[in-house]
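Taking it in order: structure first as structure tokens, then the write-up.
By convention in this document, chain letters (A, B, ...) are assigned in the order of the sequence lines, proteins followed by strands, and residues within each chain are numbered from 1.
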Amino acid sequence: MASGKTSGHWSMGLLASMDDPELKVTADEKVVVIKDKYPKAKFHFLILPKEKIPNLNSLKPSHLDLLRHIHKKGEEIAGKANKELKFRFGYHAVPSMSHLHMHVISQDFDSPCLKNKKHWNSFTTSYFVDSSEIIRQLEKKGRVEQDGQRANEMLKQDLRCHVCNKAFTTMPSLKAHIVFHNVTKSAGS
DNA sequence: GTTCTAGAAC
DNA sequence: GTTCTAGAAC
């Protein structure tokens, strides 16, 4: 392999990342765990099933065990990474990257890779669907209903702090604000 | 998904 | 003049 010209289109990038030793965290018979290449928080992992599942819409009840396994793996990885920080486990309603992947992301959102409104809203609005919600929907309805158009509108929403709901007009001001939440939270001693 | 950058916003 | 956002990328 000379340079990064492996799989043509950028949306196929996750498949390459799964084999990248720099990003790979662990794997078992069902899933691969990698670090997000551009982490949007102090801890940001992706859990991908080895089985090729394109997206949420293609999930069937037969995938429920796998989804529960992914969720459990997420809790395990988060616990190993950091026991103080809060984590969320979930899926983007309209992911940019191909191949189903669950985000495991700490809620500090303290990262230089977190730069714009789309980044922010994709993790703090209903564009981010909790894994438990996906599982519940699949159990109840036999499929996952997805309103992609409504989800995409979430990305354009005004910026709001995910902790206190305060509104902000720019990303730099929001980022300066959330640092304050992180400090007060860990100021135990 | 990111990078780059024009021009809006300040 | 600088900061910041937002749209194109073949």
Side-chain angles (χ1 to χ4, degrees), chain A residues 1-25 27 31-59 70 74 77-78 81 87-131 134 144 146-162 165-180:
Chain A
M1 324 292 175
S3 54
K5 194 180 179 180
T6 39
S7 51
H9 195 255
W10 57 262
S11 65
M12 295 295 134
L14 282 183
L15 296 155
S17 295
M18 284 171 84
D19 293 327
D20 187 340
E22 288 291 315
L23 299 175
K24 195 166 178 173
V25 176
V31 303
V32 176
V33 182
I34 61 174
K35 287 186 274 193
D36 193 292
K37 196 170 182 179
Y38 299 90
K40 305 301 187 295
K42 280 178 180 162
F43 300 96
H44 187 182
F45 306 98
L46 301 178
I47 305 189
L48 304 99
K50 286 181 174 174
E51 179 186 345
K52 197 190 180 303
I53 302 171
N55 52 53
L56 294 172
N57 297 325
S58 55
L59 286 171
I70 290 171
I77 292 294
F87 280 79
R88 279 185 78 187
F89 316 110
Y91 301 82
H92 280 158
V94 187
S96 300
M97 303 295 260
S98 184
H99 203 105
L100 189 76
H101 54 283
M102 188 186 80
H103 292 269
V104 175
I105 184 165
S106 58
Q107 296 297 294
D108 50 274
F109 295 114
D110 178 8
S111 166
C113 298
L114 181 66
K115 292 176 177 174
N116 58 46
K117 180 183 272 193
K118 180 173 178 175
H119 290 157
W120 181 256
N121 284 340
S122 72
F123 287 102
T124 59
T125 69
S126 60
Y127 189 93
F128 187 91
V129 188
D130 286 311
S131 166
I134 293 294
V144 178
Q146 213 49 66
D147 188 343
Q149 199 170 352
R150 198 185 70 89
N152 279 323
E153 282 165 16
M154 293 292 140
L155 297 179
K156 295 174 182 174
Q157 243 175 216
D158 290 343
L159 298 170
R160 283 186 177 278
C161 174
H162 65 310
N165 210 38
K166 183 171 159 60
F168 291 87
T169 52
T170 69
M171 278 303 290
S173 60
L174 171 61
K175 291 194 73 171
H177 169 81
I178 59 176
V179 165
F180 166 76

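Geometrically, Lys40(A) does not engage Tyr38(A) in a cation-pi contact, judged by NZ or CZ lying under 6.0 Å from the ring centre and within 45° of the ring axis.
Atom-to-atom, CG of Asn152(A) to P of dA6(C) comes out at 15 Å; the value is rounded to the nearest Å. What separates CE of Met12(A) from C1' of dT2(B) is a distance of 16 Å, to the nearest Å. Rounded to whole Å, atom P of dT2(B) lies 9 Å from atom NZ of Lys118(A). Put simply, CZ on Phe168(A) is 16 Å from P on dC10(B), counting in whole angstrom units. Between Asn116(A) atom CG and dT5(C) atom C1' there is a gap of 9 Å when expressed in whole angstrom units. Between Leu174(A) atom CG and dT3(C) atom P the separation is 19 Å, expressed in whole Å. Distance, Lys40(A) NZ to dG1(B) P: 7 Å, rounded to whole Å. Here dC4(B) presents its P atom at 17 Å from CH2 of Trp10(A), a figure rounded to the nearest Å.
In this structure, CG on Leu114(A) lies 6.5 Å from CD1 on Ile178(A), to the nearest 0.5 angstrom.
Of all heavy-atom pairs between Lys118(A) and Ser96(A), the closest is NZ-OG, 3.9 Å.
In this structure, His119(A) reaches the sugar-phosphate backbone alone: every heavy-atom distance under 4.0 Å involves primed, P, OP1 or OP2 atoms, never a base. Residue contacts shown for Ser11(A) are absent, as no nucleic acid heavy atom lies under 4.0 Å away. Among the heavy atoms of the strands, none lies under 4.0 Å from Pro95(A).
The backbone N or O of Thr124(A) sits nowhere less than 3.5 Å from a side-chain atom of Asn121(A) that would complete a donor-acceptor pair.
Contact between the side-chain N/O atoms of Lys156(A) and the OP1/OP2 oxygens of dG7(C) is not found at any separation under 4.0 Å. OP1 or OP2 of dT3(B) lies within a sub-4.0 Å distance of a side-chain N or O belonging to Lys115(A).
Between Tyr127(A) and His92(A), the ring center distance clears the sub-6.0 Å criterion.
Proximity note for Lys117(A) (side chain, C-beta onward) versus dG1(B), dA6(C), dT5(C): the nearest is dA6(C).
A 3.5 Å limit on both hydrogen-bonding distances identifies no Watson-Crick or G-U partner for dG1(B).
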